[in-house]
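One structure below.
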Amino acid sequence: MSETPLLDIMEALREVPSRVSMGSTGRITDMTKYHSIHGNSIIDIDSFWLDVTNSMITWRKAPTIGLKGSFGDVSNRPLSWFEDGTLNVTESCLDSNLKTRAEKTAILWEGDEPGETRRISYSELLELVCRAANALKSLGVEKGDRVIIYMGMVPEAAVAMLACARIGAVHSVVFGGFSAESLRDRVIDCDAKLVITQDEGMRGGKKIPLKEVCDEALDGDSSVKGVLVYRRTGGPVNWNPVRDVWWHDFVPLQPSECHPKECNAEDPLFILYTSGSTGKPKGLVHTCGGYITYTSYTHATVFDIREDDVYACVADVGWITGHSYIVYGPLANGATTLMFESIPTYPDAGRYWEVVARHGVTIFYTAPTAIRALAAAGDRFVSVHDRSTLRVLGTVGEPINPEAWNWYYDVVGEGRCNVVDTWWQTETGGICISPIAQATPTIGGSATLPLPGIVPQLNDSEGREITGEGEGLLCIKYPWPGQARTVWRDHSRFVSTYFGHFPGLYFTGDGCKRDKRGYLWITGRIDDVINVSGHRMGTAEFESVLVSHSAVSEAGVVGFPHPIKGSGVYAYVVTQPSEEWNQDLSEELNLLCRKRIGAHAKIDLFQHIPGLPKTRSGKVMRRILRKVAEGEMDSLGDISTLADPSVVGAIKDGAKKILYQSD
Ligand code: WTA
């Protein structure tokens, strides 16, 4: 009989009682294990991910095939993972938890008013999801149909997502701050059959008229056959009796069981729209098997999830962070996941820490913009609340500056919590570069090292690989299961956006530095995407709104460093010859952005300029606009190809006044 080394037995004993099972790949508890698991994951990518998925995910038919396709061939064949497997992701998120966690809280909800709480156990959540799934079926929704979810942060938003997944319908959640026009664009683009919304949302004591915006979006011809309306506030709404159905009248009457639809691993699970550098937002498509594998694996790994954790990610389900790390990843791991309806500063800047104390939160995940705003409000808002339960603190959405990181670590975490700065994107589906709590030594400002399965590559702009210490454009070398497969009904856009820069590599759109110990430091977007308070916005979206105003002839929009929001929005505007530039016009333009894009789309600084800096061939030299807005006026580079170099002087002079005033 062979002997099991004592250390392995101890490790096994340590893992069983409190942690999510990770199969033979095991937990990453130290850096030796990290290097060995990361190394193995790359040597045999198929075995690694098949092992992860078959030990973490509930499959109807277990997959035997890992990856099919390659980055070099995405134009001919979308990537696929586990393609001979079938499953329904809700079985991993719900049914599989009933054996040991039926009474455990699945969703812990903290409403807008402090202390307004709901607890939904795994068995209750399954029942709610089944009833909602049956309601969708009764309303004519079938496998593959698209359903738009336009809601605030109520548990029913997660129920709606899971109900779609239960019957194989494809959800597309639209953040509740988006305008009617943005909502309409998404309804049209994905040809939605049904919309799920609520009467009003609540955020920071204010009501958000979700149903009203939805009515406006669906005005006129629409593919939408029904609107299911959850009552949150009881506020007045207009009612279309042919189309609208109250959730509380309809869903509770449905049967409490709903057989999960068997889906192929590569059937779409959801579409999520995100801003890119050009054109309208793209509908990124995530598929069932790979996405649930990747979100559950990364959630368990990065946060070191344990059975008794109270896990709080305070993002919104309208963004990818909410999809992957409020709903799918945590539920697949049987965790208690908190949904937070309010904002960090309501009723005061201590709200997050009040939530931590009230619910005994052990893992807390937020964005750098919130950390900076709360640090600026002062430590006393933190210290009055008990944070002794906290063990892991996460950040996501934008680069975190070392000062903010240190404040999070020292003041919020009292110097005893692991801080994980997690880099990823809507496109990646889940975290790709991040410390692993309990294992990776951290330095404030660095996302540190790639997770298993991920091999980053830094390139210079000519496509040459930068090895060792250096700075370049962040690419990823090999596919991983959680990555988006395509852009909804526009595969060529997917191919050109992500694989058109460097053949055979996934290009992220971010800049990145590698230090001498191999740690990665994300420097931010290098394309025309601006990350405002962790919300991704395309400069082209702003520009098209601005030029649609009759007083504007041309516009150029760029980001600029903002002490709280990370990036602010800076608009250069050229008016029509007959038009005057004044404060009223800038306010009007901002109202227009709000109306056309959404409540979160605000231009911080306007500059009226005589003309955009264009090359002789008519191309706007965006580099100049960016540098000037960043205050780097003396390093504009070569401007000799400009048709009229004198505009640069005018732009610089005007900017100096604006940047000086805004200080
Ligand atoms: C940025 C959010 C630095 C980055 C999950 C990326 C980050 C974009 C980090 C994706 C981080 C996200 N450090 N930058 N830890 N996390 N980003 O699609 O520019 O809303 O490309 O996904 O956010 O934003 P998205």
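Indexing begins at 1, ligand by ligand and atom by atom, following the structure's order.
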Subject >> Cationic N near anionic O, under 4.0 Å, Asp316 to Arg203 >> reply: no

Subject >> Flag side-chain contact, heavy atom, 4.5 Å: Lys565 against Ser533 >> reply: yes

Original post:
When you look for protein heavy atoms under 4.0 Å from ligand 1, which residues do they belong to?
Top reply: Ile320, Thr321, Val396, Gly397, Glu398, Pro399, Asp421, Thr422, Trp423, Trp424, Gln425, Thr426, Asp510, Ile522, Arg525, Asn531, Arg536

Please tabulate, for side-chain N and O atoms in residues 443-450, each donor-acceptor pair with protein atoms closer than 3.5 Å (sequence neighbours left out).
from	atom 1	to	atom 2	distance (Å)
Ser446	OG	Thr448	N	2.9
Ser446	OG	Leu520	O	2.7

Original post:
In terms of side-chain heavy atoms, does Ser182 have a donor or acceptor partner in Tyr273 at a distance below 3.5 Å?
Top reply: no

Original post:
Do the rings of His600 and Trp319 sit parallel, tilted or perpendicular, given the 30° and 60° boundaries?
Top reply: perpendicular

**OP:** Anything under 30° is parallel, anything over 60° is perpendicular, the rest tilted; go ahead and classify Phe560 against His562.
**Re:** perpendicular

